[in-house]
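Worksheet: one structure, shown below.
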Amino acid sequence: AKAGISAVRLAIAASAALLIASAVSANAAEKTLIDKGEVLVKENCSRCHAIGKEGESPHKEAPPFRTLAKNYPIEDVAESLAEGIVSGHPDMPIFVFGPHDVEAIIEYLQSIQAQ
């Protein structure tokens, strides 16, 4: 009977370790995606927009990215990123991003939204 209990405990411990490893892996993947999104907005958007959790936009007409959720759900930005953001502002270039880049940008934008 003791061997059976030890085997069950070992199985539970192994399952717990696997769950923890999966969670750590998922968090690392999400962190990597957020980091990639940050790099993309830094390269493409930061000359006009404030892209962090604080600071003013270099272009006074460009909204800080941390305030985007006040106007619309961040997920709604995904379609615009994939099809090409067109703004009524003449200074804004048209950007088109691939699906993985869109996912990374959305993750980053969600991570910096002002509460």
(message) Could you tell me if the side chain of H100 sits less than 4.5 Å from the side chain of L33, heavy atoms only?
(response) yes
May I have the list of side-chain donor-acceptor pairs in residues 41-53 shorter than 3.5 Å, sequence neighbours left out?
{"residue": "N44", "atom": "ND2", "partner": "L40", "partner atom": "O", "Å": "2.8"}
{"residue": "S46", "atom": "OG", "partner": "K42", "partner atom": "O", "Å": "2.5"}
{"residue": "H49", "atom": "ND1", "partner": "P63", "partner atom": "O", "Å": "2.7"}

(message) As an exercise, state the distance from CG of D101 to NZ of K36, rounded to the nearest 0.5 Å.
(response) 4.0 Å
(request) Check side-chain hydrogen bond (donor to acceptor under 3.5 Å, both in side chains) between Q113 and all other residues, then give those that pass, not counting sequence neighbours. (result) none
(message) Going by side-chain contact (heavy atoms from CB on, under 4.5 Å), I105 matches just one of L81, V77, I34, I74. Which one?
(response) L81
(request) Report yes if the side chains of E61 and M92 come closer than 4.5 Å at any heavy-atom pair, otherwise no. (result) no
(message) If you count every heavy atom of other residues, nucleotides or ligands that lies below 6.0 Å from E75 atom CD, does the total exceed 12?
(response) yes
(request) Would you please name every residue forming a salt bridge (charged side-chain N to carboxylate O under 4.0 Å, His left out) with D35, sequence neighbours left out? (result) K31
(request) Any chance you could measure F65, atom CZ, to S111, atom OG, to the nearest 0.5 Å? (result) 12.5 Å
